[in-house]
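Any value given below was found using the heavy atoms of this structure, including those in side chains, with hydrogens, waters and symmetry copies removed. We count ligands from 1, going down the list as the structure has it; atoms in each ligand are counted the same way.
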Amino acid sequence: SRAEIGVTGLAVMGRNLARNLARHGHSVAVHNRTEAKTKDLVEEFGNEGTFVPAYSAEEFVASLERPRRLVIMVKAGGPTDAVIDEFAPLLEPGDMIVDGGNAHFEDTRRREAALRDKGIHFVGTGISGGEEGALNGPSIMPGGSKESWEALGPLLTDIAAKVDGEPCCSHIGADGAGHFVKMVHNGIEYSDMQLIAEAYDLLRKGLGKSTDEIAEIFQGWNEGRLDSYLIEITVEVLRQRDAATGKPLVDVVEDQAEQKGTGRWTVQTALDLGIPVTGIAEAVFARSLSGSAALREKTAGVLPGPAASELTGDEAASFADDIEQALYASKIVAYAQGFNEIQAGAAEYDWDIDLGAVAKLWRGGCIIRARFLNRISDAYVQNPGLETLLTDDYFRDAVAAAQDAWRRVVATAARLGIPAPGFSSALAYYDGLRAQRLPAALVQGQRDFFGAHTYRRTDKAGSYHTLWSGDRSEVQTS
Ligand code: 6PG
């Protein structure tokens, strides 16, 4: 008998996804470019379910029931195109290719269109949760056609993480919508990680806390509204001791953060869409700055800073609590910005994305899973057209309650010379949204002065230009 679904690309993510499917009673054809990985998988985990090993593309395709469901789990970019080119000629109309990698949504749109011409459904699918998630229940964000969702939905929801009995998987929208949402997920992931790192830095430098004390503090926070996977693993990372030196591991790890590209894509896309995702951008740039080794070598310990670098007395006593509040408020801003990018992407690419459903499927399985996603989901269920999370009753009140502490943290960070780009840019964004009048009117005046770029007036319609180098009278240009 034939397999229900096939997985090609058996590196750790592919292998774990195949095992997850098999453990849920689905027969899985497995294939890899090199035979050894296929053999190893069947040998090691064959007892977990029904695996059908295939040692060539033809054998793999022949082993699948029709319409075929074929999952590719290979590196994004060229390798994905190569695998598609290898399999597409062997498929028939109605068959489905699921790309579970971190593909750029524009690539997914291109591939979807090309395969649609051949009657093949290409389903770009965001999968989050790392190795562990792939095996025990990831968060799954499929794009692609409605027909493909009908055929794939039952399988995908079956292997996804569950929260309150609900699967962390739903159809996001057509063509690249799934990979777009996964991209923004990763952008928010970057932002979340950066904010946690800034909190750590402020506790360490501003309060002189030890790594163990900071782990304690985070552990406490994780029992409240900040409860999240990323804080939980932060505690574990901070508690890890280096066997060789006996020091906390974080003290011996090189302080240069790497990146594979999804955070950068989120910002590049946001720039094109005109959506300020300042929290994500600062997180990407903070990684770049950390990685600028040659530059930092010339500047670290050389550029002068403020006299005081640590808090004392009363200010010190309440600072950890202030940081918790700043972290919560900044995190709300990061999500607000990320959801705005999804909204803008949906409008641009004509995707019908249910933001409440996105928040729901991020509650479990994925890297940014967090207690407060329930609140985000509620906000969009109550008001699907919400312009920003920051005006939702719950979040508006939460930020209002946190803002004094948040402002103290940003001011203190500046005073002590501790970089907190995530906290401060989030606050600047919030204050930007609050402002009745922004200084953009002056920028318009400048543009009109040097380039006759014209401006609009608050009191009447039309475009205007001031004759700056003439008699400085105003003319209406349209
Ligand atoms: C996930 C993660 C994952 C991503 C890593 C690496 O949702 O499981 O987002 O998809 O590849 O987090 O990202 P960087 O290497 O860019 O930090």
Passing candidate, salt bridge (charged side-chain N to carboxylate O under 4.0 Å, His left out) with [X], options [options]:
X	options	value
Arg363	Asp227, Asp378, Asp164	Asp164
Arg239	Glu213, Glu232, Glu216	Glu216
Arg110	Asp175, Asp81, Asp117, Asp99	Asp81

Note the single closest protein heavy atom to [atom], along with its residue, its atom name and the distance in Å.
atom	value
atom 17 (O) of ligand 1	Arg287 NH1, 2.8 Å
atom 16 (O) of ligand 1	Tyr190 OH, 2.5 Å
atom 5 (C) of ligand 1	Glu189 OE2, 3.9 Å

Is it possible for you to check whether Lys182 lies under 6.0 Å from the centre of the six-membered ring of Phe105, through NZ or CZ, and within 45° of that ring's axis?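 That pair does not qualify as a cation-pi contact.
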A cation-pi test, strictly: NZ or CZ of Arg109 under 6.0 Å from the centre of the six-membered ring of Tyr349 and no more than 45 degrees from its axis. Yes or no?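 Pair Arg109/Tyr349 does not count as cation-pi.
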Proximal atoms of ligand 1 relative to [X] (non-hydrogen, under 4.0 Å):
X	answer
Asn102	3 (C), 4 (C), 10 (O), 11 (O)
Asn186	4 (C), 7 (O), 9 (O), 10 (O)
His185	7 (O)
Ile367	1 (C), 2 (C), 7 (O), 8 (O)
Lys260	6 (C), 14 (P), 15 (O), 16 (O)
Ser128	1 (C), 7 (O), 8 (O)

Considering the options Glu150, His171, His121, which one meets the side-chain hydrogen bond (donor to acceptor under 3.5 Å, both in side chains) requirement together with Ser145?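 It is His121; the other options fail the test.
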So is Gly129 polar-close to ligand 1, meaning N/O to N/O under 3.5 Å?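 In this structure, Gly129 places an N or O atom under 3.5 Å from an N or O of ligand 1.
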Taking side chain to side chain donor-acceptor pair (under 3.5 Å) as the test, write out the residues that go with Glu112, two or more places apart.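 Residues passing side chain to side chain donor-acceptor pair (under 3.5 Å) with Glu112: Arg116.
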Given the side-chain rings of Phe218 and Tyr200, with only the six-membered ring counted for Trp, is the space between their centroids under 6.0 Å?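 No; Tyr200 has its ring centre 6.0 Å or more from that of Phe218.
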Could you see which bit of Arg369 sits under 4.0 Å from ligand 1, with heavy atoms only: side chain, backbone, both or neither?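 Contact part for Arg369 vs ligand 1: neither.
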Under 4.0 Å, counting heavy atoms only: does Gly130 come that close to any atom of ligand 1?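 Per 4.0 Å heavy-atom rule, Gly130 contacts ligand 1.
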